[in-house]
Amino acid sequence: MDSKQIREAFLEFFASKSHQIVPSAPMVVKNDPTLMFTNAGMNQFKDIFLGNAPVKSPRIADTQKCLRVSGKHNDLEEVGHDTYHHTMFEMLGNWSFGDYFKKEAIDWAWELLVGKFNIPVDRLYATVFEGDAKDGVLLDSEALALWKKYLPESQILFGNKKDNFWEMGDSGPCGPCSEIHVDIRNDDERSAIPGRALVNESHPQVIEIWNLVFIQFNRKANGQLEELPAKHVDTGMGFERLCMVLQKKQSNYDTDVFQPVITELGFLAGKKYGEDEKSDIAMRVIADHIRAIAFAITDGQLPSNNKAGYVIRRILRRAVRYGYTFLGFRKPFMHQLINVLADQMGGAFPELNKQRDLVTKVIREEEDSFLRTLETGIRMLENIMGVARKKSQTEISGVVAFELYDTYGFPLDLTELILREESFTVNREEFEKAMEEQKNRSRNATQLETGDWIEIRPSLESEFVGYDALESELKICRYRKVKDKKGEYFQLVFDKTPFYAESGGQIGDTGWIEIEGVKLEIFDTVKENGLTVHLAKTLPADPSATFTGLVNTSKQLSTAGNHTATHLLYHALREVLGTHIEQKGSLVTPDSLRFDFSHFQKVSDEELEQVEKRVNELIRHNSARDERREMPMADAEKLGAIALFGEKYGDKVRVIKFGDSIELCGGIHVTATGEIGQFVIISEGSISAGVRRIEAISGEKAEAFLRHKMKTAKELTTLLNNPSDLKGAVEQLLQKVSALNSQMEAFKKEAASGLKKELLKQITNVNGINFLASKLPVDDAGIIKDLAFQLNGEVDNLFLVFAAEIEGKASVHVMIADNLVRERGLHAGNIIRELAKLVDGGGGGQPFYASAGGKNPNGIPGLLEKAKEMISE
RNA sequence: GGGGGAUUAGCUCAGUUGGCUAGAGCGUUUGACUGGCAGUCAAAAGGUCAUCGGUUCGAUUCCGAUAUUCUCCA
């Protein structure tokens, strides 16, 4: 079976057991502060497990794109070195939400693996939770009994809390799990050492393939477990591993999931996979990472310099690093693999095919930029080695290596590699120490304490009523205190709320909750795991009372205007530039809007003008908002509604339509486009390869902006005596200024040359030196400097002192011919320090030229005298 | 969120006890050589040294803030 058939077989099997098959959620997670990427199949159902969302379908199965870069079983730096760990992988899973439990989960797992996939029974092992005294949980005898139906006891193992008890976090739903392991070693090895001894021992050929989690408890913040009323099943089977087992390979990378990319890579590098351990590792690293990067980008996460985007950038750089070191690539190469990848996986994940060009471009750009970073690092390393050589050291300080890594992003392994070639070593201990310090600093800075939720009344979902009202009666269901470095605040959850939580680029509402004339400020509203959480500095006196929630209407109105304007902008962009425009990001605040979209060139001024004009036209059409809150996804698609890549949508979606602009959107909008009033584009630019950003304003802000512009223009017109052609008048003015300037330059030059002639006459011979000391009638230090340099070029053996009064202060300059500096040991800097005392000032400079200033211009005559005395000695 | 860097010509970057009339390479323009192109040589243009404030006689350089950006950690 090839990988496509395996994926299909899994989904078909569970469909036949009345499971609803759902698409994979995006790999990039939104609305969950604890998670950046989907790292397990259950992530998209977290809301349901937490009880924040209702069960839509009791039985579900899917294949889920997951990304793991850190965690207890996974370290980015290890991926590629073995044959079965990955950054991105597919997790096949089946779920029961309060429906079937252990019996069906185990029976079906068996039916599929043994009955359908024909995995030999003697190669399978199951683990069962042994119980934990501290938690007061007994051995999972139910699971044990079920396994005994299929497996001899010699193939059933008991696992402790670490291996066989699954928890989502410090608190929340949890329960025992049962893992299925498979032994794919050859018969000789199997008879030498029983597979039983190798289960959970990180053996590459005795591996866990499927984990069946039985969620039956809820762990409270105090650590206690309570039995859940509705029990769930959550399973996950690593797709790549399954393919390895079924295709009878010894490595995930030997399956048809990775081989096409590896073959292409070998072609590009001129190497064959399987001939050299080091280049094999590099090829595995790249084959793995290219998938992670490509899917992250299609899910809307571009590489960037922080958060999730930075994780993607680091994965890409790791791959480039391996290609650079072990495959000899010196030019971008990763982007050339996208075509093969898209051909192979675009069927199951169409988003990859659709965005092939963008992915290629973005990766190429990133590769270029990292190769530049490497160049800079290599240059710096060469300097460092040069210094070390001079001091005849052979060890480079770990602090220096750490600086290279920490500040310039130059990886330690490359540092060591390059140093080794030149017979240097690096002090690793110092490096580790510096790293440890950095980690401690970060940890201390991110202390965040969250208290237990205090429940006032039970609630399943907090109902959002803000589409219809900006004011509503509400009750607090639960609250908790959160403490971070800056202070503490409270998170409140209401039974229903008119406050819009930050989502889809639109920032959260602010406002108040009021009781008997007392107002409590809500300073932000956010979404956490599908729950709308309101932030307040303090708690009300009686949290159990009924309040009136009041949204800050003026702010929200501006926000709504900007949000609708964003839709119109998107629409206009597609009209003017073409339908290849895809939204890549959006920020809607009361003050402005920001819209990122895919487009491969700069948007020209003409196009920008056209877009702006079109949006204002759409505003004047005054199209009324046509809102459908519960439209089935299929109908929305038929309507031609625009959806976002990387956004998770339910079966029922909200559709917002203004004229021909139709989008899936949960945000707040004006009732008709006319309310926006006005739309002005402020800037257009690039934020990454193939992605442009437009910033714009609307409504009152736009009006104020234009008024200000007009006022400026009007003031200019007045200043220029009301010319009929303002631009022409300014041009004329500029011309005049530049003509005057050059004239003035000429005059100045003439004056200076007159002055110069005069000064030349004043030169006297003192002690064989051509001496000149003069107070100049000049008010620009630059001219004095100029004169000094000119005279120095024309007169030999020159020693000159110039002084002038500029804006009530003294300015003094000393110039000494080079030969005098050399022969007589004169130093202008030292001399001027002496002289400057006479004008209550100080100064300095180089041996041949120095300048000084002083507060007392009356000292100038004395200063000039003193200069002569100094030279006469 | 915390730490460390960077911001100098169109681009890539130099520029240390604070004072060198701020430089290099590439690119651009012009000229010369050449039948033409490529090329070589010569010359020129191009800088609010990110912004604002402070220290100082004097700041690209030191200090502080802001913006942008890179990088590491969480």
Side-chain angles (χ1 to χ4, degrees), chain A residues 33-36 69-71 76 303-311 313-314 317 366 368-377 379-380 383 399-412 431-432 434-448 482-486 683 685-688 693 780-793 803-816 818 821 827-857 859-860 863:
Chain A
T34 62
L35 212 57
M36 288 197 286
V69 286
S70 62
L76 176 61
S304 75
N305 66 336
N306 56 25
K307 304 271 163 67
Y310 192 59
V311 173
R313 178 172 281 176
R314 283 184 54 188
R317 291 183 166 198
E366 279 293 318
D368 269 328
S369 117
F370 183 54
L371 289 169
R372 270 202 301 275
T373 303
L374 288 186
E375 250 177 67
T376 312
R379 227 179 21 239
M380 294 177 96
N383 283 337
V399 177
V400 171
F402 183 72
E403 191 196 343
L404 217 50
Y405 170 70
D406 180 56
T407 305
Y408 300 99
F410 198 76
L412 179 67
F431 183 93
E432 299 296 342
M435 180 67 108
E436 197 49 42
E437 276 166 20
Q438 149 114 301
K439 285 186 177 173
N440 284 334
R441 241 197 329 266
S442 295
R443 254 193 294 273
N444 293 338
T446 45
Q447 273 175 354
L448 182 95
V482 177
K483 209 163 150 185
D484 63 18
K485 256 182 65 185
K486 283 183 205 127
S683 73
S686 152
I687 55 163
S688 141
R693 167 174 293 175
D780 181 352
I783 293 174
I784 301 176
K785 209 173 190 178
D786 213 29
L787 262 174
F789 274 83
Q790 281 182 30
L791 286 168
N792 190 38
E805 185 176 337
I806 299 172
E807 288 168 3
K809 286 201 232 168
S811 173
V812 186
H813 303 251
V814 172
M815 179 114 216
I816 305 174
D818 278 345
V821 171
H827 192 291
N830 297 337
I831 290 167
I832 208 159
R833 252 186 283 277
E834 218 25 58
L835 295 176
K837 287 177 189 163
L838 297 169
V839 288
D840 296 344
Q846 313 96 69
F848 73 101
Y849 177 80
S851 60
K855 292 182 198 102
N856 178 20
I860 290 179
L863 182 149

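First the proteins, then the strands, lettered A, B, ... as listed; each starts at 1.
In this structure, A:Arg372 atom CZ and B:U71 atom P are separated by 11 Å, rounded to whole Å. Computed from coordinates, the A:Phe402 CZ to B:G5 C1' distance equals 13 Å when rounded to whole Å. Rounded to whole angstrom, the span from the OH atom of A:Tyr408 across to the P atom of B:U7 amounts to 9 Å.
Between the side chain of A:Asp406 and the base of B:G5, no donor-acceptor pair of N or O atoms lies under 3.5 Å. Under 3.5 Å, the side chain of A:Gln438 and the base of B:G2 form at least one donor-acceptor pair of N or O atoms.
Judged by Watson-Crick or G-U wobble contacts below 3.5 Å, the nucleotide B:U55 has no partner. In this structure, B:C49 makes no Watson-Crick or G-U wobble pair, since no nucleotide meets both defining distances under 3.5 angstrom. Across all strands shown, B:U68 forms a Watson-Crick or G-U wobble pair with B:A6, both key distances being under 3.5 Å.
OP1 or OP2 of B:U71 lies within a sub-4.0 Å distance of a side-chain N or O belonging to A:Arg317. Regarding contacts with the backbone of B:C73, a side-chain N or O of A:Tyr405 is found under 4.0 angstrom from either OP1 or OP2. Taking 4.0 angstrom as the limit, A:Arg313 places a side-chain polar atom (N or O) nearer than this to OP1 or OP2 of B:U71. OP1 or OP2 of B:C73 has at least one side-chain nitrogen or oxygen of A:Arg314 nearer than 4.0 Å.
A:Ala850 comes within contact range of no nucleotide atom at all, as no heavy-atom separation falls under 4.0 Å.
Proximity of A:Tyr408 to A:Glu403: side-chain heavy atoms (C-beta onward) are separated by under 4.5 Å at one or more points.
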